[in-house]
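To start, the structure itself, in structure tokens.
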Number of protein chains: 2
Amino acid sequence: MFNKQELIDFCNTARESYLAHISIDCVVFGFHEGQLKVLVLKMKNEQSWYLPGGFVLKNEPIEEAANRILKDRTGLDEIFLQQFHVFGDPERSRPHREMYANMLPPSENWFANRFMTIGYYALVDFIHVTPTPDSHSEACTWCDLADTPQLELDHGIILKSALDTLRLQLNYQPIGYNLMPKEFTMPELQKLYETILDKKLDRRNFQRRMLGFGILTRSEKPRKGGAHKAPYLYSFDLANYQNALKEGLKGGW
Amino acid sequence: MFNKQELIDFCNTARESYLAHISIDCVVFGFHEGQLKVLVLKMKNEQSWYLPGGFVLKNEPIEEAANRILKDRTGLDEIFLQQFHVFGDPERSRPHREMYANMLPPSENWFANRFMTIGYYALVDFIHVTPTPDSHSEACTWCDLADTPQLELDHGIILKSALDTLRLQLNYQPIGYNLMPKEFTMPELQKLYETILDKKLDRRNFQRRMLGFGILTRSEKPRKGGAHKAPYLYSFDLANYQNALKEGLKGGW
DNA sequence: TCAAAAGTGTTGCGTCTACACCCATGC
DNA sequence: GCATGGGTGTAGACGCAACACTTTTGA
């Protein structure tokens, strides 16, 4: 991905600016047309894919670092972001160590170090994101969860772990609020739940249950244009939502 | 806590052996006589208390580091250990930075660095633990959760965070299995749940519910010796327990 | 007019809650 | 024998799953 000169330049600035041994990787979830999506990067000159990531500035809180990284890749600020796990096997970054081993001696080579990575997952409103590659990537794109490409290093494991966390936190975090657009229909929300849980849900019971939580506001105007009966549009009542989440949305799915 | 010579020695070995910027802190929970307990350390020459912690060897997986640290403090190996959060504010270790600032120049002073800490919580069988202070502590003791002393740095926050995690994971992790002795009575187990949840539970419903999970084996002999009716002794059926946890123990508390 | 999508109602079963009741033991 | 701790039973409330039924719309 780097040629020699790029590597030298990067290592010099990295050593000055960033904490060694620590990186951040983000699993960015979006939801569009009934599909849960993940943001991935494709490296230059390689058929290899990664999760968006970066390093922590020497005097920067890690939450801010994650935010900065995500702002660079999505254009969005104030993203919903949750730390979920640290991946700390010393062997996890070995492929990178080897990739650059014969370009620079270890003392000058930033990637000769072991890196542990802090995994964050982010929830964003798909339509507001402008996927933006970084300097050593040739592409930054959404892909459907079902057909994500093979990811390098342990990024596949990190993605899987983020998904598991998402599932577990569905009743405790404002996941719907952050993934759905401002207004949405009940079937759309149901699709999101079905995708995350990987399970079909009963249309009618889902509706009654959701409404029962008292966290949705129905707007007067239904969605026009589609075939068939026009569905109502809903939006989250954020105050009620967050209040309900404190106790956890009752019951399982 | 360190005098100057100790500090110099420690810094020299630390720089050689450990990863910079990263530490591990452990919240060790035990349960004894109806009380949830936490293991804390008292520093030499100071009225200050800390959670047990340490650093990560340069080529050591972080789980192993946590295990090593806990073995040193408790004498136990193969402890149930869960990572729960990284505390990454650059200011969190400032007090330590300042404490040693005028003993050594920053370049030689290990503690001049910023440290982020990985929080682990551990569940142990109280009676098997031998609390053992480290070289710069004068005491390592259990204390009741209700009256933990004021903890230094952000260790109070870390403890609070561990407790919240414990509560959330009660239906998803073998918490009872790891905190209770091999055999225990139903009221004892109930006390544990009540302590973690900070809530009174109905004696009879608790019993039926617990038995309903099918994760307990009743031994033939009841506990003798106490006043009043002799309670049955139970132990966990580990296979069933772990199986039930996969789906999560149904229902809330 | 018909198929498909969406909204609303109803019924029955299972589960939990809040009790009442029974048993054992030491003072 | 009685207070206390512990084990078991049960009636009513509640919640949820599995349905049937109605409404709206475009083809």
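Computation of the quantities below employed the complete heavy-atom set of this structure, encompassing side-chain atoms and omitting hydrogens, waters and symmetry-equivalent molecules.
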Just how far, in rounded Å, is [atom2] of [N] from [atom1] of [X]?
X: B:His228; N: C:dT25; atom1: NE2; atom2: C1'; result: 8 Å
X: A:Met210; N: C:dA6; atom1: CE; atom2: C1'; result: 17 Å
X: A:Phe206; N: D:dG15; atom1: CZ; atom2: P; result: 19 Å
X: A:Met186; N: C:dA5; atom1: CE; atom2: P; result: 18 Å
X: B:Gln190; N: D:dG5; atom1: CD; atom2: C1'; result: 12 Å
X: B:Gln207; N: C:dT17; atom1: CD; atom2: C1'; result: 16 Å
X: B:Lys250; N: D:dC16; atom1: NZ; atom2: C1'; result: 14 Å
X: A:Leu211; N: D:dC16; atom1: CG; atom2: C1'; result: 15 Å

*Please work out which of the three classes, parallel, tilted or perpendicular, describes the rings of A:Phe236 and A:Tyr177, given edges at 30° and 60°.*
perpendicular

_Geometric class of the B:Phe126/B:Trp142 ring pair [parallel <30°, tilted 30-60°, perpendicular >60°]_ = tilted

Can you tell me which nucleotide in [options] comes closest to the side chain of [X]?
X: A:Asn205; options: D:dA18, C:dA18, D:dG7; result: D:dA18
X: B:Arg203; options: D:dG6, C:dG7, C:dT25; result: D:dG6
X: B:Arg204; options: C:dA20, C:dG7, D:dG7; result: C:dA20
X: B:Asp202; options: C:dG7, C:dC19, D:dG7; result: C:dC19
X: B:Tyr232; options: D:dG7, C:dA18, D:dC19; result: D:dG7
X: B:Lys229; options: D:dG9, C:dG9, C:dC23; result: C:dC23
X: A:Pro231; options: D:dT25, D:dC19, C:dG7; result: C:dG7

_Between CD on residue A:Glu152 and CG on residue A:Leu51, distance to nearest 0.5 Å_ = 11.0 Å

*Please determine which of B:Met210, B:Arg204, B:Arg208 meets the side chain to side chain contact (heavy atoms under 4.5 Å, CB included) test together with B:Phe206.*
B:Met210

*Looking only at N and O atoms, is any donor in the side chain of A:Arg209 or the base of D:dA17 less than 3.5 Å from an acceptor on the other one?*
no

_I'd like to know if the side chain of B:Tyr121 pairs up with that of B:Gln169 as donor and acceptor (distance under 3.5 Å, no hydrogens or angles considered)._
yes

